[in-house]
2 protein chains.
Amino acid sequence: MTECSGDLRARRRMRTADTIRKAALRLVVTRGIDNVTTEMIAHEAGISLRTFFNYFAFKEEALMPPPIDFDEGAIACFNEGKGSLLNDVATLLLTQFEDVDEDRAQLRVLFELSQTHPKLVLVRDKAFQQYEEIICKLIAGRLKVAPDALRPRLMAACIAGAIKVAMSGWVRSSEGTAADHVRRALAALETLFSEN
Amino acid sequence: MTECSGDLRARRRMRTADTIRKAALRLVVTRGIDNVTTEMIAHEAGISLRTFFNYFAFKEEALMPPPIDFDEGAIACFNEGKGSLLNDVATLLLTQFEDVDEDRAQLRVLFELSQTHPKLVLVRDKAFQQYEEIICKLIAGRLKVAPDALRPRLMAACIAGAIKVAMSGWVRSSEGTAADHVRRALAALETLFSEN
DNA sequence: TGCAAATTTTGCATAGCACGCAATATCAAC
DNA sequence: GTTGATATTGCGTGCTATGCAAAATTTGCA
């Protein structure tokens with residue numbers, strides 16, 4: 001087994017997972033979440049019900065955004081540290097929110113569902129939790145400290161929280177891009193607690 | 001129907017909910033979460049299975065901490081604003097973590113479960129989400145701005161995140177009280193992003 | 001006390017979730 | 001092509017969670 005094989009299979013897995021995600025989102029958006037069963041999702045994605053659970057631990061997980069992966073160069077650039085840490089984090093993260101606005105309709109639906117449907121609130125927060133862990137490791141790497149040290153953890157918690165607040169405000173307000181909201185929220189962190 | 005009746009029934013409801021919570025926690029701690037069904041919890045609490053779902057929307061919700069309520073005087077005191085906002089928030093919130101250490105064993109179990117069991121991660125984060133909303137309203141009240149303004153939202157997100165980090169570190173480290181960890185984390189927020 | 005209304009509890013039925021297991025199919029490498 | 005590894009699938013099963021209506025309990029009031 002060469003290294004190529006595992007890579008091929010990994011790709012295939014990701015492609016299938018993405019197919020399922022799209023199918024789930026499509027059904028939920030059109031029919032409403034209460035009228036969508038895992039069986040429907042599986043059928044829509046062209047797989048068996050059983051296979052669905054090979055990819056996702058539970059139904060709602062198919063509605064979570066897929067794990068993010070940054071550009072290698074961007075991470076290296078971030079680790080060198082050109083400006084203030086907060087600025088550099090913002091620069092790195094904002095690349096993720098540039099093209100969000102195309103899917104604004106779907107994202108808005110998801111966030112709105114999150115506010116009414118209890119289980120989706122849980123799912124949304126779990127997604128941000130994973131996001132927080134990634135940010136924590138990035139910051140720890142740049143500060144050259146352990147990932148479970150207090151500072152990187154606190155910073156990551158605040159940054160992830162700010163992004164959540166920003167996205168939440170974005171889907172409500174409808175003015176400005178997602179990136180705008182995130183940028184503003186992150187900028188506000190710097191003097192949040194030090195100015196009064 | 002006097003106002004007393006609703007009060008009585010509300011009390012009774014809270015008492016029953018608490019009974020269920022204790023039963024659920026007891027069973028989960030002793031038998032492990034995978035070996036506990038809602039039927040067992042209901043039986044342990046002396047109610048029917050159907051009644052369980054009159055109190056909790058889903059099984060894991062019975063493992064969440066009950067909604068907090070602050071002392072009226074403490075809130076009034078907080079709204080007057082004697083020191084810095086961060087300090088006063090810390091003072092107000094820390095009253096909630098004074099007596100946590102008795103239940104350290106149970107809390108530790110819950111947090112450990114949260115790290116292995118996917119669904120409990122969701123539940124834990126939902127609890128913190130509710131916590132965040134309460135904090136947000138408190139801060140908005142003190143700042144005399146709308147609860148969905150950016151500043152109180154960001155502050156609440158950071159504070160709730162810091163508390164989550166602190167509790168997480170506390171159950172790991174085993175040294176110092178929970179209040180100590182929370183106090184340290186909140187204090188660190190002030191200069192988190194402004195000093196480099 | 002006793003009656004009537006409101007509320008809560010409960011049993012029953014049911015659709016859907018989620019997983020273990022074993023058989024089958026698919027794929028990569030030699 | 002054969003072989004070993006991985007993925008998919010069907011089947012069976014126990015549990016979750018909800019609607020509905022009957023029964024029990026609680027409350028206010030006469």
Side-chain angles (χ1 to χ4, degrees), chain A residues 1-21 23-25 27-28 31-64 113 116-123 126, chain B residues 1-21 23-25 27-28 31-64 113 116-123 126:
Chain A
M1 176 188 292
T2 72
E3 70 174 20
C4 173
S5 85
D7 207 41
L8 279 181
R9 285 188 159 144
R11 281 168 193 275
R12 180 175 163 71
R13 273 196 79 80
M14 277 199 288
R15 217 158 12 101
T16 306
D18 221 56
T19 303
I20 301 176
R21 276 196 207 92
L25 206 57
L27 285 178
V28 166
R31 312 180 54 123
I33 186 166
D34 290 319
N35 303 322
V36 174
T37 68
T38 48
E39 204 159 13
M40 292 182 202
I41 299 174
H43 181 263
E44 177 87 5
I47 57 171
S48 75
L49 169 65
R50 192 61 188 78
T51 300
F52 176 92
F53 288 103
N54 286 338
Y55 282 86
F56 299 97
F58 49 95
K59 177 177 143 186
E60 291 84 0
E61 194 174 0
L63 296 174
M64 285 177 53
L113 285 177
T116 57
H117 209 82
K119 281 191 179 172
L120 277 185
V121 179
L122 307 192
V123 168
K126 182 182 180 184
Chain B
M1 180 187 288
T2 71
E3 69 172 17
C4 174
S5 85
D7 208 42
L8 278 182
R9 283 186 160 144
R11 282 168 191 275
R12 180 177 162 72
R13 275 196 79 81
M14 277 199 288
R15 216 157 14 100
T16 306
D18 221 58
T19 303
I20 301 176
R21 277 196 207 92
L25 205 57
L27 285 177
V28 167
R31 311 181 53 126
I33 187 164
D34 291 318
N35 303 322
V36 173
T37 68
T38 48
E39 204 160 11
M40 293 182 202
I41 298 175
H43 181 263
E44 177 86 5
I47 57 171
S48 76
L49 169 65
R50 192 62 187 76
T51 301
F52 176 92
F53 288 103
N54 285 339
Y55 282 86
F56 299 98
F58 48 94
K59 177 178 144 184
E60 291 83 0
E61 195 175 358
L63 296 173
M64 285 176 53
L113 285 177
T116 57
H117 210 81
K119 282 192 178 170
L120 276 185
V121 180
L122 307 192
V123 168
K126 182 182 180 185

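Residue numbering restarts at 1 for every chain, and letters A, B, ... go by the order of the sequence lines.
Computed from coordinates, the A:F58 CZ to C:dG16 C1' distance equals 16 Å when rounded to whole Å. Note: CG (B:D34) to C1' (C:dA18) measures 12 Å, nearest angstrom. The interatomic distance linking B:E60 (CD) with C:dA18 (C1') rounds to 12 Å, in whole Å. The separation between B:R11 atom CZ and C:dT7 atom P is 19 Å, rounded to whole Å. The CG atom of B:L63 sits 15 Å away from the C1' atom of D:dT16 (whole-angstrom rounding). The CG atom of B:N35 sits 13 Å away from the P atom of C:dG20 (whole-angstrom rounding). Atom pair A:E61:CD and C:dC17:P shows a separation of 15 Å (rounding to whole Å applied). One atom, CD1 of B:I20, and another, P of C:dT9, lie 8 Å apart when rounded to the nearest Å.
Qualifying salt bridge (charged side-chain N to carboxylate O under 4.0 Å, His left out) partners for B:E39, counting only residues two or more places apart in sequence or in other chains: none.
Put simply, the side chain of A:K59 gets close to the backbone of A:V36: a donor and an acceptor are under 3.5 Å apart.
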Got a list of protein N/O to nucleotides 19-26 of chain D N/O distances below 3.5 Å?
{"residue": "D:dG19", "atom": "N7", "partner": "B:R50", "partner atom": "NH2", "Å": "3.0"}
{"residue": "D:dG19", "atom": "O6", "partner": "B:R50", "partner atom": "NE", "Å": "2.8"}
{"residue": "D:dT26", "atom": "O2", "partner": "B:R9", "partner atom": "NH2", "Å": "3.3"}

N/O contacts under 3.5 Å, protein versus nucleotides 23-25 of chain C?
none

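Listed by residue number, the members of residues 36-48 of chain A with any heavy atom below 4.0 angstrom from DNA chain D are A:I47, A:S48.
Ranked by how close their nearest DNA chain C nucleotide is to the 5' end, B:L49 and B:R13 are led by B:R13.
Note that the CD1 atom of B:I47 and the OG1 atom of B:T19 stand 8.5 Å from one another [nearest 0.5 Å]. Between B:T37 atom OG1 and B:H43 atom NE2 the span is 11.0 Å, to the nearest 0.5 Å. Here the NZ atom belonging to B:K126 is positioned 11.0 Å from the CD atom belonging to B:E60, to the nearest 0.5 angstrom. One distance of note links CG of A:L27 with OG1 of A:T38; it measures 11.5 Å at 0.5 Å rounding.
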Self-check item: Stepwise salt bridge (Lys or Arg N to Asp or Glu O under 4.0 Å) test for B:D18 and B:R15
Solution: CA-CA 5 Å; B:D18 221 58; B:R15 216 157 14 100; over 6 Å; no
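The shortest non-hydrogen separation linking B:A23 to B:I41 is CB-O, 4.1 Å. In plain terms, the two heavy atoms of B:R21 and B:A62 that are nearest each other are CG-O, 3.3 Å.
Here the side chain of A:K59 is nearest to one of D:dA17, C:dA18, D:dT8, namely C:dA18.
OP1 or OP2 of D:dA7 has not a single side-chain nitrogen or oxygen of A:Y55 nearer than 4.0 Å.
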Distance-only check: which donor-acceptor pairs under 3.5 Å involve side-chain atoms of residues 48-57 of chain B, not counting sequence neighbours?
{"residue": "B:S48", "atom": "OG", "partner": "B:R50", "partner atom": "N", "Å": "3.4"}
{"residue": "B:S48", "atom": "OG", "partner": "B:T51", "partner atom": "N", "Å": "3.1"}
{"residue": "B:S48", "atom": "OG", "partner": "B:T51", "partner atom": "OG1", "Å": "2.9"}

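Two end axes, each from the C1' atoms of five base pairs, can be drawn for the helix from C:dT1-D:dA30 to C:dC30-D:dG1; they diverge by 30°, to 10 degrees.
At a threshold of 4.0 angstrom between heavy atoms, the contacts of B:F52 with the nucleic acid are absent.
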